[in-house]
Amino acid sequence: MEKLFAEVYVELKHRRLDRIFHYGIPPGLTDRIKVGARVVVPFGNKLHQGYVVNLVKRADVEKIKNIKELLDERPLFTPQDIELARWMADYYLCPFVAALECILPAGLKYENSTVIALLGSDEEAMSLLNSLKFMDTEAAEVLQFVLDKSSITRANLEKKFSGKNVARAIETLVDYGVISMKQQFRMTGFRREMSAILVRDEEISSDTQALANRAPKQGQLLSTLMDKKRLPVSLLLKQTGAPKSSLNALVAKGLVRLEEDTVAGKVIRQSDRPEVIHELTDKQEQVFRRVSSAIRDGKYAPFLLHGVTGSGKTEVYLRAVQRALEEGKSAVVLVPEIALASQMVSRFSQRFGEGIAVIHSGLSRAERLQEWMRVHRGQAKVVLGARSAVFAPVKDIGIIIIDEEHESSYKQDQVPKYHAREVAKARARQHEAALVLGSATPALESYLETQKRNYGLLTIDQRVTTRPLPVVAVVDMRQERRQGNSGIFSTALFQSLENCLGNGEQAILFLNRRGFASFLICDKCGFSIRCPHCDIALTHHTKGNKLMCHYCGYQQQVVTQCPRCGSPGIGGVGCGTQQVEEEMYRRFPDLSVIRMDVDNTRKQGAHQRLLDKFGSGEGSVLIGTQMVAKGLDFPNVTLVGVISADTGINLPDFRAWERTFQLLTQVAGRAGRGQRPGRVVVQTYQPDNPAVGRARTHDYLGFYRSELARRRQFGYPPFCRLIRVLITGQDEVKVKTGAEALSKVIKKNFLLHSAAGEILGPAPAPLAKIKGKHRWHLVAKSPDAEELKGVVSASLRQYSLEFDQQGTNLAVDVDPSGMI
DNA sequence: AGCACGCCGACT
DNA sequence: GTCGGCGTGCTC
């Protein structure tokens, strides 16, 4: 018997709709509807997009509607994609469709829009317009607008008449029968840019004069093109002011050719530098052999590769990927943020040339789609990219590598808040592939997995060159203050700077993130100036002498008196990159300093430009936040200074110490990469904190043990699993009561299941208000992962059925990486 | 989520 | 008597 019904998920991402709906397959579409294809279905009284997840012979539902339209003749999702999305939805407690849409590149999404068009003749519309003018001005205005445009999307109309009741006006006009509404599904991802090209520029010149006389616009187009040879159509028309028809005429005459723009420009795959294949050290060789045999075995095999900075992990990755290719399989390599990993891109492209695809956030939608298609078509069998590349449409994966696996950028900060490491695990299992997690400072969770024998442990404890790790000096700032030094630099750091710069070497100064850097605080009453919308300390910007909120962008003038107690002693505490820069110029007047922070790296490519500048020796000192910590390799840098380790240690987060340890280890790795030995100076008020102490001695295991003991004592991950739920909304009372209600439901369910779980909160989130939205959160916690998930998932369902949370939004975070 | 249905207050 | 508020319930 034929399979006449499709099981469909509708695109709407709501807990109540997160299930299968059955649709009939109309005669015209039998045999064409396949699992994994997208369709248009009538749902309620509108059309919506749907995803076909199964085909069945019968459906036990009373009323069944038919599928309206098929969007993909060839299915977009493989059964494995659907399986992966199921896993994600289940693990991250998100709607299935939300998970599925993660797998889909943005460029392939269809947008659901309503198109409004004139139904009858213009004359009919005009006569109605005249009578409406006196009865219903709003409807008249809308009609006038539609008349001018002849057709427009509803969304555009709403935008044009924002604030007015467009819906009613439209309804009126539809009732009069002057306009029609039609839903349309359009691909929005890639506008195909066309370029105009001159066909034969030699022979044209003689014709041009004659043509220019007869058709001046066409002449203008030609002469413009003669200068430029090739120009995007949109630009060309704008420059000449000629209509599209003139261009079309030239195309018809065979003088101009239109060609689709290639958008691959930004993805540089081949480097002109000759490839250096490094010999493997014994340690590297041992590691490679184990990974290699895992690839050959074709079984799921996860490894943690713990290699000190400079241990040559990249070369092992390259060989392992090569190995997978030799087996006829493909490979996925994830890096934290591609902008910071350009060295990785160039090494991979040197080795694999056109066979790699690069996918990251710096690409436009179209560029990303192009890379995606290359993978989809099997043109690239190696994918290198950031978090989302874990979903790349590769077939038959032999190995997945996650470099710097502890990095927090692997966790998506929007729903579904997945962690690429966990998704990679699920994919590696599906493909029976090897999985290599590489890091000098593995996440506590990952290292614990090796101890539990869930991951194989691969260790490289020596650098490729025998050069020792840099010496790390910890400066006790309490003592410094006692000795009367109230400046930014301790004596030790200042002397080290003098030394380093005196030798013509370079230094990096590292600060913690800027939101916590420079704020105004009253030295008498302790009042600090905070954002009225976001309730976080405003950051002082010397430029324009402004205070700015780094969440919503709110700005105000600097105050000179404390608004609470009136004391004139309100001033800056802590320091930002700008202050360090100023201090540097004060102490070393003829020095050139490069400052790098979120402000001056926002623009595309600005980041790399500053790094290149520093690399070429144009500046002696690089001052920056987190971004200078990662992956940089400048041989002439012999000194790294950490201005204050304390900001990191004291963040309100259970992972603060782990992060600080990782960060310090990483910045320390930036020193002494060339011939001369490196030195690291860390300033802190808490020299006894293990995050500082263990980083000083490069002792990962020591830190791991002490931190694990602390986590066990306080019941934090990895000994407990956490699910955090964030509730946001305009109305604080609604947000608060919602959080309390959900908390109550979870508590009750914990008791019913006699679970060991508990609830923290509900409480206002550490950032209690962002962009006018109040934020409350609660954390469910249990040592039993399955039970925790079961209880929270059931509670969420119950809550969403029993409480109408109008005006509030709910975001679930399974395994939150932080609590802020 | 989005929309219709439906039951109560202030207006032509 | 009518318009329109938003509580309730459904969507194959």
Legend entry - side-chain contact (heavy atoms from CB on, under 4.5 Å) between A:Tyr9 and A:Phe21, intermediate numbers included: CA-CA 6 Å; A:Tyr9 272 90; A:Phe21 288 89; over 6 Å; no
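In this structure, A:Leu17 atom CG and C:dG9 atom P are separated by 16 Å, rounded to whole Å. Put simply, OH on A:Tyr23 is 7 Å from C1' on C:dT11, counting in whole angstrom units. Across the protein-nucleic acid pair, A:Ile67 atom CD1 and C:dC12 atom C1' stand 11 Å apart, rounded to whole Å. Per the geometry, CE belonging to A:Met181 stands 14 Å off C1' belonging to B:dG2, to the nearest Å. Atoms CG (A:Leu55) and P (C:dC12) sit 19 Å apart, rounded to a whole Å. Atom CG in A:Asn112 sits roughly 12 Å away from atom C1' in B:dG2 (whole-Å rounding). Distance A:Asp18 CG to B:dG2 C1': 17 Å, rounded to the nearest Å. One can place CD1 of A:Ile20 at 11 Å from C1' of C:dC12, the figure rounded to the nearest angstrom.
When all heavy atoms are compared, the tightest approach of A:Val52 to A:Ala6 is CG1-CB, 4.2 Å. In terms of heavy atoms, A:Arg387 sits closest to A:Ser409 at NH1-O, 2.8 Å.
When heavy atoms are screened at a 4.0 angstrom cut-off, A:Phe43 is found touching base atoms of the nucleic acid. Residue contacts shown for A:Arg15 are absent, as no nucleic acid heavy atom lies under 4.0 Å away. Across all strands, A:Lys46 comes closer than 4.0 Å only to sugar-phosphate atoms, never to a base (heavy-atom distances).
Aromatic pair A:Phe43/A:Tyr23: ring centres not closer than 6.0 Å.
Put simply, the side chain of A:Gln184 never gets that close to the backbone of A:Ser113: no donor and acceptor are under 3.5 Å apart.
Distance from the side chain of A:Arg16 is smallest to C:dT11 among B:dA4, C:dC12, C:dT11.
Of the side-chain N and O atoms in A:Lys65, none sit less than 4.0 angstrom from OP1 or OP2 of C:dT11. In terms of phosphate contacts, A:Asn45 brings no side-chain nitrogen or oxygen within less than 4.0 Å of OP1 or OP2 of C:dT11.
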